[in-house]
Amino acid sequence: MTTASAGSLAVVRTPPVLMYHSVSPSTAPDPHLLRVHPDRLDQQLRTLRRLGLRGVSLAELVDAVDRGDARGLVGLTFDDGYADFLHHAVPVLARHRMTATVYMVADRLAGTNDWDEAPQLPLMDADELRAVAAAGHEVGSHTMTHAALAGLDPASLEVELRGSREVLEQLLGAPVRGFCYPYGSFDRAAADAARAAGYDHACVTRDYSVSDRFTLPRFYVGQEDSGLRLVAKLVRHHLVQRRTGGSAA
Ligand SMILES: [Zn+2]
């Protein structure tokens, strides 16, 4: 992947990036399949370790790719900023000495996923988000309002992209480098606006064969993904990437 310099839109080849949402032992209805039990997450991370892989935040992964040093790394990402990340995912990640990225909806701090028809879950407040960062995890932006960015006008793109970055940077007192498109909705204008808003990279929600620094591919991992199914998804990722003919980082 490493033909891309910072901010370029050159075609890149990426290591696998896993996409999670909620991590919780709750047994409440989960119609959108957003939830993974902490025991399942533990099993999945154990599977990664057995394969000689280590989960890292997306910023760490991108830096490693830039250095040509990403072999054995897998990106771990958690969308929306659910409060259960701090209470149920952070301890499991710590047990396996892995890091992850949380993509926060900046205008919904201490709110809920009110953009969804799904059951409402609490999102992290400012202190919880700072605790996540203090535990060594990356906080990225997931817009201000969980807006779908494809087709959005330039002024709204500016608010969703630059506005959310500024809110989170002020809250954390640190740069926010990563961005994640809600619903995986993006177009060229949105990707250009993400770059212009000062992000270093951005990720989507599908595993594409052709990608660049502002449309980094990811794949969904859920409660049904036992060790074997996770291995199958990792293999599929490499097959998809191989079709581009690039060389592994
Ligand atoms: Zn989301």
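The structure displayed is predicted, hence computed values, not measured ones. One-based numbering, in listed order, for ligands and for the atoms of each.
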#### Entry: Short side-chain donor-acceptor distance under 3.5 Å, His146 and Asp107
no
#### Entry: Leu76 and Val56: CA distance, side-chain angles, deciding distance, side-chain contact (heavy atoms from CB on, under 4.5 Å) verdict
CA-CA 6 Å; Leu76 298 178; Val56 295; over 6 Å; no
### Task
Enumerate the protein N/O/S atoms at a distance below 2.8 Å from the Zn ion (ligand 1), ignoring waters.
Asp80 OD1, His142 NE2, His146 NE2
### Task
Could you tell me if the ring centre of Tyr181 sits under 6.0 Å from that of His142?
no
### Message
Please verify the inter-ring angle class for Phe78 with Tyr20; under 30° counts as parallel, over 60° as perpendicular, anything in between as tilted.
### Response
parallel
## Note on the structure
Exactly one candidate in Thr77, Asp207, Thr205, Thr14 meets side-chain hydrogen bond (donor to acceptor under 3.5 Å, both in side chains) with Arg218; the answer is Thr77
### Query
Between the side chains of Tyr103 and Glu138, is a donor N or O closer than 3.5 angstrom to an acceptor N or O?
no
